[in-house]
Amino acid sequence: MNNNPIGIFDSGLGGISVLREMKKILPCENYIYMGDSKNAPYGTKLTSEVYELSKHWVEYFLERNAKAIVIACNTATSAAAARLRKLYTDIPIIGLEPALKPAATKYADTGKKILVLATELTLREDKFQHLLHQYSDKAEILLLPAPGIVELVEADKADSEEMLSYIENLLSPYIVKNISGVVLGCTHFPFAKWAIKKVLGENVEFFDGAEGAAREVLHQLKLHDTLSSSTTPGTIELLNSSDDPDKIDLSQRLLNTVE
Ligand code: DGL
């Protein structure tokens, strides 16, 4: 079982920012990445729709004999992870959630402001509302959906002028608010960090759940005794549900981008 793959999925290409972290922490594992670009975005869908899509991908990875499944999508995690864990009890299902806890803990009682960027669905779901409730008296927390980043990353425009002008329009009202920390609550958003920094300033600090999720995968593999015994780099199978042949090439390029 040890060399069985880890299945990872997202609504599209965002989850590659999680795969990138997993490769650093678990380089000898084999990965199958499924970008559901055909159905992107998830963030503006109903919870029930995102649950059905997520269930489909979990079943796909079970057929592929995955030893762990990573929902590399904050939106799908909030809509589906808890129910899927109850349904498929034999396999660890690891999810992503906006890294509000480390941000609020770091800035507790400092008067510093935190901006949480995520999808509409993530922000309205109980899972995030519960998290917010836990930390809202510790720091000033502002919430903002940013669906345009998802669209631009999917359209191979992560590094474009269009990305910069979208972020300028979105964040210009926040410049005067003096934001100290930005929670990247959607896995597409790390690819727009450069533009966020340009608008909010070089000193803005980012909080991203990817590294924590990768550590949780390591922990779960140890717990289930399914860590790979290999000492050479594992394989990465990049897949996409869309018919667009360029998606795989774009996935590879995003995977190669260094932070
Ligand atoms: N990448 C996803 C997330 O982490 C969602 C993007 C979308 O499809 O709306 O939330």
Side-chain angles (χ1 to χ4, degrees), residues 7-22 33-58 69-82 84 93-101 103 115-129 131-132 143-158 163 166-167 170 182-193 196 206-214 216-217 238-242 244 247 250-251 254-255 257:
I8 306 171
F9 76 93
D10 176 43
S11 63
L13 308 172
I16 289 175
S17 64
V18 181
L19 175 56
R20 199 168 58 176
E21 291 306 312
M22 291 178 62
Y33 181 88
M34 173 57 77
D36 191 10
S37 296
K38 186 178 158 193
N39 293 303
Y42 282 9
T44 50
K45 288 187 164 51
L46 297 172
T47 306
S48 55
E49 292 174 305
V50 176
Y51 171 75
E52 288 306 328
L53 290 165
S54 305
K55 184 168 178 271
H56 171 79
W57 294 123
V58 166
I69 295 171
V70 180
I71 306 180
C73 176
N74 296 261
T75 308
T77 301
S78 48
L84 291 172
I93 298 179
I94 296 96
L96 260 283
E97 77 171 7
L100 182 57
K101 183 180 172 183
L115 177 65
V116 181
L117 299 175
T119 68
E120 263 172 52
L121 194 153
T122 300
L123 296 176
R124 77 163 182 263
E125 271 297 309
D126 288 353
K127 190 174 192 300
F128 180 75
Q129 286 299 322
L131 190 67
L132 183 62
L143 312 179
L144 183 66
I149 303 178
V150 178
E151 269 175 48
L152 290 166
V153 172
E154 289 295 314
D156 196 4
K157 288 181 179 164
M163 179 65 88
Y166 173 76
I167 299 287
L170 184 80
V182 174
V183 174
L184 299 169
C186 167
T187 54
H188 283 74
F189 296 176
F191 297 113
K193 249 178 169 176
I196 300 170
F206 290 102
F207 296 88
D208 175 359
E211 195 193 324
E216 180 59 19
V217 177
L238 293 171
L239 302 171
N240 198 283
S241 61
S242 142
D244 180 352
K247 290 289 185 203
L250 176 55
S251 304
L254 289 172
L255 185 59
T257 54

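Residue indices begin at 1 and follow the sequence shown. Whatever order the structure lists them in is the order used to number ligands and atoms, beginning at 1. Worth saying up front: this structure is predicted, and the values here are computed from it rather than measured.
- Checking E125 against T47 by side-chain atom types alone, a donor-acceptor pair falls below 3.5 Å.
- Tested against F189, the residues V153, I149, N74 include a single side chain to side chain contact (heavy atoms under 4.5 Å, CB included) partner, I149.
- Every protein residue with a heavy atom nearer than 4.0 Å to ligand 1 is included here: D10, S11, P41, Y42, G43, C73, N74, T75, T119, V150, C186, T187, H188.
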Test E151 against K157 for salt bridge (charged side-chain N to carboxylate O under 4.0 Å, His left out), laying out the working first. CA-CA 9 Å; E151 269 175 48; K157 288 181 179 164; over 6 Å; no
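- Between the side chains of S241 and D36, at least one donor N or O sits under 3.5 Å from an acceptor N or O.
- Among the candidates D10, T44, T122, the single residue satisfying the side chain to side chain donor-acceptor pair (under 3.5 Å) test with T75 is T122.
- Inspection of the R20 and T257 side chains reveals an N or O donor paired with an N or O acceptor under 3.5 Å.
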